[in-house]
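Naming convention: chains lettered A, B, ... in sequence-line order (proteins, then strands); numbering from 1 in each chain.
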Amino acid sequence: MKRYIPEKVLTRINELDFKNKEHLYVICDMIYRVHTFKKIESKESNSFVDIPINYFTDIISKRESFYSAMNFLKSSEIIICDNNYSKLQGKALGYKFNDNLISKLIPVEIKSKSIGKRIINNKNSRNSFVDDSLKMYKDYFLKTFKIDYVSALGYIDNWFNSQEPLPGIYLDSSYVVPFLNQDWIKLVNKYNQYFMSISSINDGELFFRKNKTNGRVDTNLTNLKSELKRFIIGDNLYQLDIKNSQPFILSLYLNRPQNLSKIDSNELTKYSDWTSSGMFYYLFEKEYYMKTGKPISIKEIKTMIFCIFYSKNGSYIKEKGIFKSMFPSIFNFIENEKKNKHNEFAIKMQNIESKICIDIICKELDKENIKYYTIHDAWVVDGNDVEVTEKIVYKMFYKHLNRRPTLKIEKLK
Amino acid sequence: MKKKQKMYPIYYNDYWWYEKNCDSVFVACYSCIEALRDDCAVYVGDGSWVFPDGTFEHDPNR
């Protein structure tokens with residue numbers, strides 16, 4: 001069982017005398033993990049993070065052992081505590097590492113079986129909130145999802161080393177200690193984020209949750225940076241993406257019987273054809289150029305479309321003006337959907353997506369015994385299963401929604 | 001982490017972001033803490049992610 005702590009923290013701990021160093025590792029790992037879990041991204045990320053005591057005592061069960069280890073870390077100036085606790089306000093004590101010890105994370109081995117067992121129980125409790133319909137996918141994901149750790153680590157090390165050199169102090173001819181400035185902390189934290197995402201997968205610390213609000217399934221894969229996906233293990237993996245998925249999902253909603261009277265029929269035909277063909281962004285680009293005389297990239301169009309669909313009414317006025325000139329009644333329909341709580345429209349679209357992509361299509365893939373991973377509006381399958389998967393996707397869209405998207409199919413690596 | 005996590009504030013780019021400060025596209029697409037990537041982006045669709053300040057990241061392969 002591995003835990004991860006900053007390299008300089010380990011060096012400091014190794015210089016000191018403490019009976020149960022694994023308790024120190026667990027505490028330091030927990031502080032970094034909660035920091036990441038609470039999404040404290042950072043240019044200056046070494047801020048205090050509140051951690052309820054049960055987070056620690058779930059792993060180090062004896063309170064006196066926890067206090068002994070924590071007090072040792074504090075007195076050794078490895079961990080700093082804000083000493084600010086209020087039961088009334090629900091404020092737990094805040095912790096952070098000493099600024100001078102911020103460094104790349106490295107693994108430390110936990111040999112204690114009891115600590116290892118409690119870490120595993122803690123992890124399993126996070127994956128228990130999934131209904132039975134996704135059991136096959138969840139079991140497959142938790143059992144098989146792996147990463148080529150050596151290559152992925154090589155990639156992020158290369159990325160780290162290719163960054164602009166930072167001012168530093170030369171200790172000898174080969175070793176440079178950078179100044180502890182904002183850029184250094186930002187760089188190290190970015191590296192540590194990449195490092196933890198691949199290390200968690202490598203250690204089998206996987207999560208699999210169905211989001212109750214939008215029905216999407218969130219996993220280590222869905223949250224993995226796209227450039228790291230090439231390191232997922234599987235010799236022959238292919239990704240099947242729904243082309244222009246968000247505009248297409250809107251077309252499914254617009255074509256529901258109760259909405260047809262609210263939209264101009266010619267406009268709806270044009271919009272539906274653009275999205276079903278998978279050419280929406282390309283055709284939008286052409287019409288944009290015709291209307292404005294200005295070229296626009298696909299990335300800019302995607303940004304514009306998401307702002308039109310999901311932002312509050314009254315914002316992104318210029319972008320909305322262009323869309324309105326192309327699809328006036330659809331624009332009015334979207335604005336009407338967002339007039340009360342604007343986020344409900346995005347949730348509605350995400351629920352349509354997850355209902356068909358996860359609840360319906362994954363169930364069919366299970367029936368055909370096809371093994372897969374999902375990335376919201378995309379599936380990752382073995383090359384031998386691409387053809388059957390493609391057929392199932394098209395068939396299920398037709399069967400349940402009377403329209404089908406176009407898929408983009410590419411080898412993952 | 002058995003305790004339910006609060007979704008806001010989020011520490012991103014030197015600031016604590018509360019819901020009222022975040023871009024409305026981000027607010028619309030952010031529905032649970034597990035959906036938030038380590039760098040504070042949430043998935044919109046089509047391989048695109050949005051950050052609390054409304055900037056986007058697009059997967060070049062999509």
Side-chain angles (χ1 to χ4, degrees), chain A residues 34 36-45 47 52 54-55 58 122 125-126 190 193-194 196-197 207 209 211-214 216 218 222-226 239 241-246 249 298-299 302-303 306-307 309-312 315 342-343 345-347 349-350 353 375-378 408 410, chain B:
Chain A
V34 176
T36 306
F37 190 74
K38 289 199 170 179
K39 314 302 176 189
I40 298 171
E41 202 264 351
S42 95
K43 281 183 175 173
E44 189 187 11
S45 80
S47 52
N54 69 295
Y55 280 35
D58 280 350
N122 204 275
S125 70
R126 298 202 305 268
K190 189 108 181 154
Q193 282 171 2
Y194 286 149
M196 279 306 286
S197 66
F207 73 94
R209 294 289 293 265
N211 182 323
K212 284 178 183 168
T213 309
N214 62 19
R216 282 177 166 175
D218 300 307
T222 59
N223 286 6
L224 193 65
K225 290 281 262 186
S226 62
Q239 185 166 326
D241 299 323
I242 296 176
K243 280 189 165 185
N244 50 240
S245 74
Q246 296 303 296
I249 287 159
I298 296 295
K299 281 183 182 178
K302 281 188 176 180
T303 300
F306 297 143
C307 292
F309 285 8
Y310 302 133
S311 70
K312 263 186 185 169
S315 60
H342 84 284
N343 64 326
F345 183 61
I347 292 168
M349 294 297 105
Q350 289 162 3
E353 172 206 279
I375 312 172
H376 305 307
D377 49 5
K408 179 185 174 188
E410 267 187 2
Chain B
M1 320 292 170
K2 288 173 190 167
K3 244 186 165 180
K4 195 171 186 283
Q5 298 290 316
K6 285 180 187 171
M7 287 169 62
Y8 296 96
I10 302 160
Y11 196 79
Y12 169 72
N13 264 2
D14 282 351
Y15 296 102
W16 286 101
W17 292 75
Y18 289 83
E19 185 173 353
K20 62 182 178 185
N21 310 119
C22 290
D23 182 86
S24 59
V25 180
F26 178 87
V27 172
C29 296
Y30 177 35
S31 51
C32 80
I33 199 160
E34 283 84 5
L36 203 57
R37 212 169 55 180
D38 288 343
D39 59 0
C40 300
V42 290
Y43 191 71
V44 184
D46 286 319
S48 298
W49 296 75
V50 64
F51 292 86
D53 60 359
T55 54
F56 280 82
E57 179 186 293
H58 303 286
D59 183 345
N61 298 318
R62 293 281 309 256

Checklist entry - Can you check side-chain contact (heavy atoms from CB on, under 4.5 Å) on A/Lys299 and B/Ser48, steps first, answer last? => result CA-CA 9 Å; A/Lys299 281 183 182 178; B/Ser48 298; over 6 Å; no
Checklist entry - Going through the distances and angles, do A/Asn223 and B/Trp49 end up as a side-chain contact (heavy atoms from CB on, under 4.5 Å)? => result CA-CA 10 Å; A/Asn223 286 6; B/Trp49 296 75; 4.1 Å; yes
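Between chain B and the residues A/Ser245, A/Ala378, A/Cys307, the largest count of heavy-atom pairs under 4.5 Å involves A/Ser245. Ranked by heavy-atom pairs shorter than 4.5 Å toward chain A, the options B/Val50, B/Thr55, B/Asp23, B/Val42 are led by B/Asp23. The choice from A/Lys302, A/Glu410, A/Lys243 that makes the most heavy-atom pairs within less than 4.5 Å of chain B is A/Lys302. Across A/Lys225, A/Glu353, A/Met349, the residue that shares the most heavy-atom pairs under 4.5 angstrom with chain B is A/Lys225.
The contact between A/Thr213 and chain B is made entirely by side chain atoms (from C-beta outward), counting heavy-atom distances below 4.5 Å. For A/Ile298, no part lies under 4.5 angstrom from a heavy atom of chain B. For a residue to count as touching a neighbouring chain, one of its non-hydrogen atoms must lie under 4.5 Å from one of that chain's; by this rule A/Lys408 touches chain B with the side chain only. Both the backbone and the side chain of A/Gln246 come within less than 4.5 Å of a heavy atom in chain B.
Looking only at side-chain heavy atoms (C-beta outward), B/Asn61 and A/Gln239 stay at 4.5 Å or farther from each other. Using a 4.5 Å cut-off on side-chain heavy atoms (C-beta onward), A/Thr303 and B/His58 make contact. By the 4.5 Å heavy-atom criterion applied to side chains, A/Asp218 and B/Tyr43 are not counted as neighbours.
The minimum heavy-atom distance linking A/Gln350 with B/Ala28 is given by the pair NE2-O, 4.5 Å. Counting all heavy atoms, side chain and backbone alike, A/Asn343 lies closest to B/Val27 at CB-O, 4.3 Å. For B/Ser24 against A/Lys312, the heavy-atom pair with the smallest separation is OG-N, 2.9 Å. When every heavy atom of B/Val25 is checked against every heavy atom of A/Ser311, the shortest pair comes out as CG2-CB, 3.7 Å.
The distance from the CD atom of B/Glu57 to the OG atom of A/Ser226 is 6.0 Å, given to the nearest 0.5 Å. Here CG of A/Asn214 is found 7.0 Å from SG of B/Cys32. Values are rounded to the nearest 0.5 Å. Within the model, atoms NZ of A/Lys190 and CG of B/Asp39 stand 5.5 Å from one another, a figure rounded to the nearest 0.5 Å. The line from CG of B/Asp59 to CD1 of A/Ile375 is 8.5 Å long, rounded to the nearest 0.5 Å.
A side-chain donor from one of B/Ser31 and A/Asn211 sits under 3.5 Å from a side-chain acceptor of the other.
With B/Glu34 as the partner, the salt bridge (Lys or Arg N to Asp or Glu O under 4.0 Å) test is satisfied by one option alone out of A/Arg209, A/Lys212, A/Arg216: A/Arg209.
In terms of modelled atom types and a separation under 3.5 Å, the side chain of A/Asp377 and the main chain of B/Asp46 share a donor-acceptor contact.
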